[in-house]
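Worksheet: one structure, shown below.
In what follows, chains are A, B, ... by sequence order, proteins preceding strands, each numbered from 1. Excluded from the calculations below are hydrogen atoms, water molecules and symmetry mates; all remaining heavy atoms, backbone and side chain alike, are included.
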Amino acid sequence: MSDEMWVNMGPQHPFNHGLWNLRVRLNGETITAAEPIIGYLHRGWEKMVENRTYSQIVPLADRLCYGSSLSWNHLYCLSAERLYGVEAPTRAKYIRVVALELQRITSHLCWLMAVGTDLGSYTIMTWTIRERELFLDLLCQLSGARMTYNYCRIGGVRSDIPENFERDVNRTLDEFEKRLRDIEALCDENEPFLMRTVGIGKIDAKTAMNLGLTGPIMRASGVEMDLRRLDPYEVYQDMKFDICYATDGDVYARYRVRIDEMRESAKIVRQALAEMPKGPVRVKVPRCPPKGTVACHVEDPRGESLMYIVSDGTERPYRLKVRSPNFVNLSASPAMLLGFKISDVPAIMGVMDMCIGETDR
Amino acid sequence: MRIEEKRYTKTDHFRATGYVLKTMKVTFKGLVRATKHRPCTIMYPWEKLIYPDNFRGRPGIILEKCIGCARCAKECPNKCIEMVQLELPNVGKVKRPQVNLGRCMMCGNCAEACPTNAMIVTPEFELSSYNRADLIFDPIKLQHPYKPGYEVNYQFALLSEMNGGEVKTYAKNDPNVHDTVLLEGGKCISCGRCAKICPTGAVELVETGELNPKTKKPIKWPKFDNTKCVICEQCVEVCPKSALTIKEVL
Amino acid sequence: MSTLYHELTNFTEWLLGLVASLLDWTKLGFLSDFGDWLQTEPVVTLVATLLVAVIFLITAMMFGLCFIWEERKFLGRFMDRRGTQVGMLGFFQNFADGIKVVLKEHIVPKDSDHALFEMAIFAYLASTFMLFGCIPFSDNFAVFPNVNLAVLLGIAIFSFGPFAILVGGWASNNKFTLIGGMRAAAQLIALEIPLLLCVVSVVVLTGDLSFVGIVSWQEHNIWLIVPLFIGAVTFFVASVGESERIPFDLPEAEAELVEGWATEYGDVRWGLQMASDYFRAYILCGLFTMLFLGGWAGPDFIWAEAWYLAKTFIVFFFFIWVRAATVRIRTDQILKLGWRRLLPLAVLNLFVAIALKLAGVF
């Protein structure tokens with residue numbers, strides 16, 4: 001139809017966080033076709049690491065995602081450990097769980113900040129980024145950096161937790177849970193926010209599974225899937241926490257799932273800190289792993305992330321494949337967008353928590 | 001935990017119940033708080049965040065401690081460290097690391113690999129400059145005043161000891177447990193390059209007691225002093241006949 | 001006739017008399033005749049009016065800039081940040097921005113309709129600047145204070161703006177600007193009618209269409225926000241929408257349409273467009289003050305103009321507050337809100353006004 005037009009939303013567009021392009025076909029303001037185009041931030045990460053030794057890849061794995069670098073760092077170290085056939089000491093595992101859950105809260109706050117800008121409320125943005133700062137300080141104490149932590153090591157973590165860390169974390173979490181209620185009031189009690197999110201971008205459980213969606217988006221559609229429970233990796237099998245899921249499958253449900261996940265993360269952090277045993281935090285691993293392959297998946301803040309390493313027995317990996325949750329979620333975006341208005345694009349895509357660093361790799 | 005069904009099911013959302021009012025109350029509280037206690041902004045060029053001692057800024061070096069073993073250069077993922085010639089007043093001509101900060105990603109791996117803790121991680125992060133040449137920090141420029149906490153220390157356990165009861169932890173570069181260099185005797189041609197390149201003088205050429213059948217001179221093989229060795233692997237790399245290998249302690 | 005007008009007429013008479021005597025001094029017949037013509041009443045009135053207009057425009061624009069400053073500082077505090085910092089608690093940031101946009105290059109898109117592209121923005125700005133003249137600060141400080149139909153004139157000029165937006169959006173030859181222009185037109189129609197109905201209810205009660213009449217009625221009876229509370233709320237919501245601010249800033253929703261209809265405008269045109277958003281908000285706050293808050297009426301220990309400005313700033317504080325609290329809503333929701341909620345409320349409010357009038361309460 002000649003009335004329809006293609007609009008390129010990207011690669012330079014205020015709504016996309018990172019470089020990517022969303023082509024939408026509009027009939028009036030209604031979307032009749034959508035086509036995400038990526039590749040603007042392709043750095044050749046998978047090829048690049050084939051020329052690095054295993055220990056050198058650790059800081060590079062941080063760079064996969066700027067929003068939740070520690071979870072990627074950890075995923076690489078975990079899969080390398082499985083390749084080496086070693087296991088981190090128990091204390092290191094607990095420390096990792098603490099760091100990972102702090103990272104999950106940080107990442108979700110960063111996501112809420114982006115949603116706030118997309119929907120036009122800069123108050124949500126500044127308030128969430130203010131709370132995020134508390135956790136950045138904690139992670140900075142732990143690892144020495146605010147964004148790319150480089151904290152996990154193959155066979156443990158970089159160093160033991162600093163002095164008084166447990167006290168600081170508990171205080172921060174108490175304060176954070178108070179402030180999270182304010183932020184919730186900013187969104188949940190806000191009629192315009194609900195008008196923008198409820199009933200938008202609906203995906204039912206079956207479609208979500210068929211499209212390969214993972215993470216909060218899938219849980220919002222009613223699938224109770226969390227790798228921390230289904231395939232526990234560190235010490236998650238000992239942790240008592242609930243899997244947050246909702247059945248509506250719309251943008252509001254995804255928002256709720258993530259907000260409640262932050263609370264669950266706080267719970268896990270408290271528990272892990274209380275139960276943390278004494279002991280070493282790092283073991284020495286050999287330079288070269290044995291020949292073989294390993295695939296390892298964890299629950300990233302955005303979904304299921306996976307690394308697949310092929311080793312030929314030398315000190316560099318033969319091949320390292322990354323499965324990014326965002327890549328799959330993004331490819332499912334046409335199914336969410338069709339039939340909605342162009343004004344819904346920021347709401348739907350913003351709640352997806354885009355991170356182009358890991359999508360393009 | 002199943003999240004409750006949403007509270008708002010009507011497609012026609014706007015009801016005259018004033019749901020914005022609660023949000024306005026919360027934001028007004030925010031306004032009062034920010035006015036009373038000052039905003040939480042940190043006015044960057046004048047104020048700075050309080051950073052912990054282990055904050056990872058640019059790498060720095062303490063030249064007195066450096067032995068020029070090049071382990072930092074080997075460990076750097078971005079290959080931004082290069083060993084350059086340097087004339088030091090008391091020591092003479094030596095090789096010391098030069099860091100290209102244009103490429104450095106501040107991962108701190110160099111300081112972690114350093115056996116003598118000469119390479120440190122400084123909290124200096126304001127590094128912008130007008131041209132790229134200024135970003136190449138030679139060893140003299142790389143120096144930074146020392147403060148405890150700048151060096152990266154870690155404790156590790158041995159894999160073989162992990163399974164049985166008591167686990168001992170060892171400090172970084174503990175001479176008792178670190179790796180050793182092995183000599184495969186038959187390959188050695190007694191060139192002495194390993195002894196020449198060794199930064200710590202841990203390699204010594206000693207006579208094996210045999211005589212070279214052609215020249216009738218005594219054959220000298222390198223002997224490694226484990227307490228001095230820092231496993232920089234320079235001898236392994238320089239050996240023309242690949243006679244040296246690393247034996248790992250696990 | 002107001003005192004300001006009177007003073008300026010005297011000043012103009014003196015000035016023109018000076019010019020005429022200078023011309024007379026040349027001893028040239030036609031110049032002397034010209035000097036005599038200068039001293040006739042129509043010319044004096046015209047020049048005096050122009051002088052009043054210029055003074056008024058500059059003053060009003062300065063207060064428009066104060067609105068930008070107020071929004072920046074208050075929004076900053078709402079968000080727990082500081083807002084602008086350049087000089088005098090950040091007030092000079094406006095001037096820094098102004099200098100910046102003036103120094104920018106003027107870029108016209110290649111395939112745009114050049115003439116319309118240039119005309120549309122000037123039409124928009126002209127309508128904004130004309131609006132300043134409609135809202136008096138007090139019965140003294142005004143361009144035409146006691147003119148009948150002043151309210152209608154203001155609303156009429158106001159509704160011209162979105163037409164310019166539509167033209168500009170189309171002429172830019174950009175899909176985002178086109179959508180933004182269309183949205184502006186749709187939003188205008190949906191919100192203009194409730195706005196006008198609220199004005200009608202005020203007029204029903206006061207029986208006057210001039211600001212002086214409305215304000216003096218309120219001075220003698222009661223501020224109209226009390227009997228016409230529904231109307232005041234409706235007017236407030238509609239005026240937030242009319243001034244295209246969050247939550248109704250769809251014509252320039254930066255998340256979906258890059259900068260809305262103004263995407264292709266650069267340099268000082270964009271800067272003035274941005275400022276004129278605030279000028280329009282200022283006009284609407286002024287209208288709200290006049291219609292519902294008793295305008296410049298207030299205790300006599302301070303100037304009437306100060307009362308008017310204080311009330312306007314307080315109304316604008318509520319604009320900022322709403323902006324800090326809400327998110328942007330969708331086009332269809334705005335239209336639904338305009339037609340299904342605000343229009344019935346405005347009609348209800350009109351009934352209230354008519355009932356009060358018939359019952360003889362006022």
First locate atom CZ of B:Phe55, then atom CZ of A:Arg146, and finally report the distance between them rounded to the nearest 0.5 Å.
-> 7.0 Å

For B:Arg56 and A:Gly144, indicate whether the former's side chain and the latter's backbone hold a donor-acceptor pair under 3.5 Å.
-> no

Cut-off 4.5 Å, heavy atoms of chain A, and the answer for B:Asp53 is neither

Name the region of B:Ile50, side chain, backbone, both or neither, that has any atom closer than 4.5 Å to a heavy atom of chain A.
-> neither

Considering only heavy atoms, which portion of B:Lys79 lies under 4.5 Å from any heavy atom of chain A: side chain, backbone, both, or neither?
-> side chain

Which region of B:Val121, side chain (C-beta onward) or backbone (N, CA, C, O), has a non-hydrogen atom less than 4.5 Å from a non-hydrogen atom of chain A, or is it both or neither?
-> neither

Evaluate the side-chain proximity of B:Pro52 to A:Cys140: yes if any heavy-atom separation is below 4.5 Å, no if none is.
-> yes

Options A:Pro162, A:Ser159, A:Ala185, ranked by heavy-atom pairs under 4.5 Å with chain B, top entry | A:Ala185

What's the spacing between B:Glu75 CD and A:Gln56 CD if we round to 0.5 Å?
-> 5.5 Å

Using non-hydrogen atoms and a 4.5 Å limit, figure out which bit of A:Arg158 sits close to chain B: side chain, backbone, both or neither.
-> both

A:Asn150 versus B:Met105: any side-chain heavy-atom pair under 4.5 Å?
-> no

Per-residue contact mode, B:Lys172 against chain A (heavy atom under 4.5 angstrom) = neither

Evaluate the side-chain proximity of B:Asn109 to A:Pro59: yes if any heavy-atom separation is below 4.5 Å, no if none is.
-> yes

Interatomic distance, B:Asn153 atom CG to A:Asp160 atom CG [nearest 0.5 angstrom] | 13.0 Å

So what's closer than 4.5 Å to chain A heavy atoms on B:Thr27: side chain, backbone, both or neither?
-> both

Taking the side chain as C-beta and beyond, is there a heavy-atom pair between B:Arg33 and A:Asp182 under 4.5 Å?
-> yes

